[in-house]
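Report on one structure; see the data block that follows.
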Amino acid sequence: MSARPTLTGRTMLAGVIGWPVAHSRSPLLHNFWLARHGIDGAYVPLPVRPGQFETAVRGLQAAGFRGANVTIPHKEAAFAIADTLHRSALRSGSVNTLVFAADGRIEAHSTDGDGFVANLEAHGIDVARGPVLLLGAGGAARAIAASLLDRGVPVAVANRTRGRAEALAGMLDGITVMDWARWEDSLPAYAALVNTTSLGMHGGPDDLFAPSLARAPDGMAVCDIVYVPRMTPLLRAARARGLPTVDGLGMLLHQARLGFREWFGVDPVVDAELQALLDADLAG
Ligand SMILES: NC(=O)c1ccc[n+]([C@@H]2O[C@H](COP(=O)([O-])OP(=O)(O)OC[C@H]3O[C@@H](n4cnc5c(N)ncnc54)[C@H](OP(=O)(O)O)[C@@H]3O)[C@@H](O)[C@H]2O)c1
């Protein structure tokens, strides 16, 4: 399928605002969905320098854009500019999706947490079956913790810098702080383990992250939100133990659905064809 939409005078527009933005896969996936659904729309990269965010957003609104995704370094500015912060944005403390309403208001969402949960469900994993241990206490961890807690799932957080895990527990009720040095020993208490740190990421702090899953209970789901590479050291260790695994690519795809639905009016599907397209692009 061609990823290039046909443009007309009525083309609906959205894009991703970041600096740099060239690495973003969002144009690839949104334009795939636009082509699949025969929608007269386009989704473009919007390289916006730090300090230029508000000017850019006002310009996009004036030019009739439907909205935008927001990535580094503009997430805080996106939070500040919003007229309506949806619950997901308030709970996660961040914004990655802006919707420009017809009356000029800017609506803001964070879609990472629900994208994470939707991806688990797509893999047949019932998040409600037991407590989840999150490794990491950064932005992604907060969004995921909020979505799990909203579904009544108890969450424990282990982070290298303990104070950051404690700060997260102070922001969201229901989080237990686990010592970073003890997380491998604590595994019997959990139904799922999720890596939200950048450990294992290609070019990240430690490509050779070598966790021990010796104490993981049978059937424990092991998830990594790192998606380059898709098969991370944590997932490889889980496979070796015969545990079910979920990689990070599906979260990236599912978190994009809300924006597409709001801007273009169709709820898109994450399927094998889309995953293969992204897989090939990430490998290339
Ligand atoms: N699949 C998806 O859709 C998706 C979405 C969002 C993010 N991600 C990925 O998730 C990862 C985290 O993103 P983020 O936005 O949450 O980043 P962040 O806010 O910068 O947080 C980074 C986390 O990694 C930890 N960390 C970094 N280096 C470490 C090391 N050497 N040892 C132990 N812990 C270390 C940090 O611990 P300290 O607090 O101790 O520094 C912190 O908890 C990135 O790889 C990102 O690409 C994926």
Side-chain angles (χ1 to χ4, degrees), residues 91-92 112-201 204-227 229-251 254:
R91 293 273 284 159
S92 67
D112 278 341
D114 286 352
F116 171 80
V117 171
N119 185 40
L120 249 53
E121 288 167 349
H123 281 79
I125 290 171
D126 176 12
V127 286
R129 71 192 172 137
V132 172
L133 175 59
L134 293 187
L135 304 182
R142 180 166 169 184
I144 290 170
S147 286
L148 292 172
L149 291 166
D150 285 350
R151 288 163 176 80
V153 180
V155 173
V157 172
N159 193 51
R160 175 182 62 174
T161 309
R162 187 182 169 97
R164 221 171 156 196
E166 284 167 353
L168 185 55
M171 291 169 200
L172 297 171
D173 282 346
I175 292 182
T176 313
V177 175
M178 161 71 51
D179 207 68
W180 179 249
R182 286 196 49 238
W183 73 261
E184 288 162 322
D185 287 338
S186 75
L187 290 177
Y190 299 101
L193 170 69
V194 183
N195 176 42
T196 76
T197 74
S198 38
L199 286 169
M201 185 175 77
D206 192 348
D207 287 355
L208 302 175
F209 177 41
S212 167
L213 300 181
R215 303 210 63 211
D218 288 345
M220 186 181 81
V222 179
C223 318
D224 207 323
I225 71 164
V226 169
Y227 56 89
R230 280 186 78 176
M231 182 53 67
T232 62
L234 177 67
L235 297 182
R236 190 168 294 115
R239 288 268 176 94
R241 271 282 331 266
L243 302 170
T245 60
V246 179
D247 70 47
L249 181 60
M251 172 180 168
H254 280 282

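Hydrogens, waters and symmetry mates are skipped; everything else that's a heavy atom, side chains included, is used. Here the structure is a predicted model, which is why all the values come from computation and not from measurement.
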message = Looking at P188, is its backbone amide N or carbonyl O close enough to the side chain of R215 to form a donor-acceptor pair, meaning the two atoms are under 3.5 Å apart?
response = no
ask   = When rounded to the nearest 0.5 angstrom, what distance separates CZ in R91 from CE in M171?
value = 12.5 Å
task = Would you indicate whether the side-chain heavy atoms of N159 and L168 approach each other to under 4.5 Å?
result = no
request  = Can you measure from CG (L193) to CG (L243) and round to the nearest 0.5 angstrom?
outcome  = 9.5 Å
task = Search all heavy atoms of N119 against all heavy atoms of H123 and return the closest pair with its distance.
result = O-ND1, 2.9 Å
request  = Heavy atoms only: give me the nearest Y227-L249 pair and the separation to one decimal.
outcome  = CB-N, 3.6 Å
Check residues 216-226 and write down every donor-acceptor pair under 3.5 Å in which the side-chain atom is one partner and the other belongs to a residue at least two apart or another chain.
from	atom 1	to	atom 2	distance (Å)
D218	OD1	R241	NH2	3.3
D224	OD1	N195	ND2	3.0
D224	OD1	V226	N	3.1
D224	OD2	T232	OG1	2.7

message = Please report the interatomic distance CG(L234) to OG1(T245), rounded to the nearest 0.5 Å.
response = 9.5 Å
ask   = Under 4.0 Å between a Lys/Arg side-chain N and an Asp/Glu carboxylate O for R151 and D126?
value = no
query = Is the number of heavy atoms from other residues, nucleotides or ligands under 6.0 Å of R239 CZ greater than 12?
reply = no
request  = Quick one: closest heavy-atom pair of A156 and Y190, and the distance?
outcome  = CB-OH, 3.3 Å
key: Smallest separation among heavy atoms of V157 and G136, with atom names   = CG1-O, 3.3 Å
task = Taking S147 for its side chain and D114 for its backbone only, find out whether a donor-acceptor pair lies under 3.5 Å.
result = yes
inquiry  = Looking at every non-hydrogen atom in both residues, tell me the closest pair between L134 and A145 and how far apart they are.
reply    = CD1-CB, 3.8 Å
note = Nearest heavy-atom approach of A237 to P211 is CB-O, 4.2 Å
Minimum side-chain heavy-atom gap R160-T197 below 4.5 Å = no
task = With the side chain counted from C-beta on, respond yes when F116 and T196 share a heavy-atom pair under 4.5 Å apart, and no when they do not.
result = no
Show every donor-acceptor pair shorter than 3.5 Å between a side-chain atom in residues 175-184 and any protein atom, with sequence neighbours excluded, or say none if there are none.
from	atom 1	to	atom 2	distance (Å)
D179	OD1	R162	NH1	3.2
E184	OE2	S212	N	2.7

request  = With sequence neighbours excluded, tell me which residues meet salt bridge (charged side-chain N to carboxylate O under 4.0 Å, His left out) with R230.
outcome  = D247, D279
ask   = Checking side-chain contact (heavy atoms from CB on, under 4.5 Å) for the pair L187/L133: CA distance, chi angles, key distance, verdict?
value = CA-CA 8 Å; L187 290 177; L133 175 59; 4.0 Å; yes
message = Using side-chain heavy atoms (C-beta onward) and a distance below 4.5 Å, is V117 in contact with L148?
response = yes
